[in-house]
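In what follows, a single structure is set out as structure tokens and then discussed.
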Amino acid sequence: MTRLQVTVLGATGSIGLSTLDVVSRHADRYSLFAVTAFSRMTELEALCLTHRPQFAVVADEAQAGALQVRLAEAGLATRVLFGDGGLCEVAAHPEVDVVMAAIVGAAGLRPTLSAVQAGKRVLLANKEALVMSGALFMQALEQSSAVLLPIDSEHNAIFQCLPSDYARGMAEVGVRRILLTASGGPFRQTPLAELAQVTPEQACAHPNWSMGRKISVDSASMMNKGLELIEACWLFGARPEQVEVVVHPQSVIHSMVDYVDGSVLAQLGNPDMRTPIAHALAWPERIDSGVSALDLLRIGQLDFQAPDEERFPCLRLARQAAQVGGTAPAMLNAANEVAVEAFLQRRIRFTEIASIIADVLEREAARTAGCLEDVLMADQQARRLAGEWLGRHGR
Ligand code: NDP
């Protein structure tokens with residue numbers, strides 16, 4: 001069997017490491033072509049020594065030079081590239097078959113689009129890229145031979161529950177609604193009055209999933225579910241009102257599809273990202289992911305609740321941005337990235353994340369997102385306005 005060449009964008013992160021774990025279990029099928037990182041250089045060097053990729057990509061030229069020397073001293077032929085150019089090169093390289101898009105945030109947009117335009121099998125974890133540039137991203141997908149497979153456990157579940165011809169349209173394939181499940185995060189039951197005092201450590205302590213810090217805060221504010229709602233609309237051709245968020249604290253059902261005949265199909269599994277990663281790597285085949293079998297008898301009970309939008313205003317803001325369309329989701333995403341970073345740096349309260357996003361969306365009207373430049377300009381403008389909010393409030 002010819003081994004597929006895999007690039008892992010964001011290899012030092014939570015999804016990146018889970019991907020390397022699955023890839024390593026199937027050395028007969030996959031070979032690591034490239035790994036990329038941004039700040040964790042020691043970890044990247046260790047990954048290179050273990051997996052011996054052809055390329056590694058870092059943030060800047062100085063880091064690249066230093067890593068290149070250390071790898072050469074260790075006898076490795078790995079070539080070290082840097083910056084956006086390096087990321088796009090390893091995403092679109094002719095020898096690459098599969099690209100895991102697992103850079104966090106807007107920084108992942110260009111390399112992920114490069115992989116799509118180059119016709120790769122793109123495993124999409126970086127939801128922010130699709131949220132920002134939805135129409136352009138889907139257009140690039142249509143115009144290339146790329147295959148896009150969702151890694152978010154919810155979207156991967158929906159993909160598994162939909163018929164293979166779902167691209168014909170939700171109504172055409174008999175789908176009534178998508179039921180997007182949400183754990184509710186660490187603050188599902190925290191008294192509302194205490195939310196202003198919660199710390200980054202509490203926000204990052206997710207009850208069911210172990211994830212990077214940005215998505216952990218997004219899960220705590222339920223902005224993650226808002227971004228996922230927008231992601232689901234683009235991936236599956238749904239309108240925002242066809243996606244219903246259902247709080248399901250056990251995170252065992254990863255999402256459901258409700259059909260017009262009353263059937264509801266669900267995908268279940270232990271909350272471990274190696275399941276959707278293995279699914280997308282091998283699709284339409286199935287391979288071992290290293291995840292243990294689901295023990296329903298031990299779990300015993302599955303609960304469902306409606307989301308509380310007073311507690312989680314970010315979910316409402318995301319739904320509104322999805323309805324407005326154009327550059328609104330890109331602005332929502334950028335304002336959220338600035339706000340989450342400020343919260344992680346203890347410059348703002350948890351509850352001010354939503355205040356900043358609402359302020360940015362009120363002050364700047366959405367425009368048409370006709371080209372990538374429009375999206376990037378909206379992103380920059382929202383970052384500037386969010387920065388102004390921080391300045392006005394002395395943070
Ligand atoms: P992590 O923070 O753990 O990892 C992020 C990765 O992106 C790291 O490799 C990091 O490098 C790299 N990175 C950060 N900033 C930049 C930048 N400016 N340029 C290039 N690379 C950068 O995040 P996760 O793995 O948790 O999440 C990655 C993506 O997957 C996110 O979009 C998230 O929403 C999505 N996702 C994650 C899930 C999870 O379970 N973790 C579940 C579903 C989706 P370094 O570490 O070296 O700084």
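Whatever order the structure lists ligands and atoms in, that order sets their numbers, starting from 1. Since we're looking at a predicted model, the values are computed, not measured.
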Pairs flagged by salt bridge (charged side-chain N to carboxylate O under 4.0 Å, His left out) wherever residues 176-197 is involved - sequence neighbours left out: R176-D258, R177-E244, R177-D258
Return each pair, listed once, that meets ring pair (Phe, Tyr, Trp, His ring centres under 6.0 Å) where at least one residue sits in residues 354-395; pairs must be two or more places apart or across chains. W389-H393
Within the 6.0 Å centroid threshold, strictly below: F159 and F236: no
Lys/Arg-Asp/Glu bridge criterion (N-O < 4.0 Å) met for K225, E154: yes
Does the distance from a Lys or Arg side-chain N to an Asp or Glu carboxylate O, for R363 and E388, drop under 4.0 Å? yes
Under the side chain to side chain donor-acceptor pair (under 3.5 Å) definition, can you give me all pairs with a residue in residues 324-338, not counting sequence neighbours? D218-N336, N333-E337, E337-R383
Close residues (non-hydrogen atom under 4.0 angstrom from ligand 1) work out to G10, A11, T12, G13, S14, I15, A37, F38, S39, R40, A102, I103, V104, A107, A125, N126, K127, E128, D152, M211, G212, I215, M273
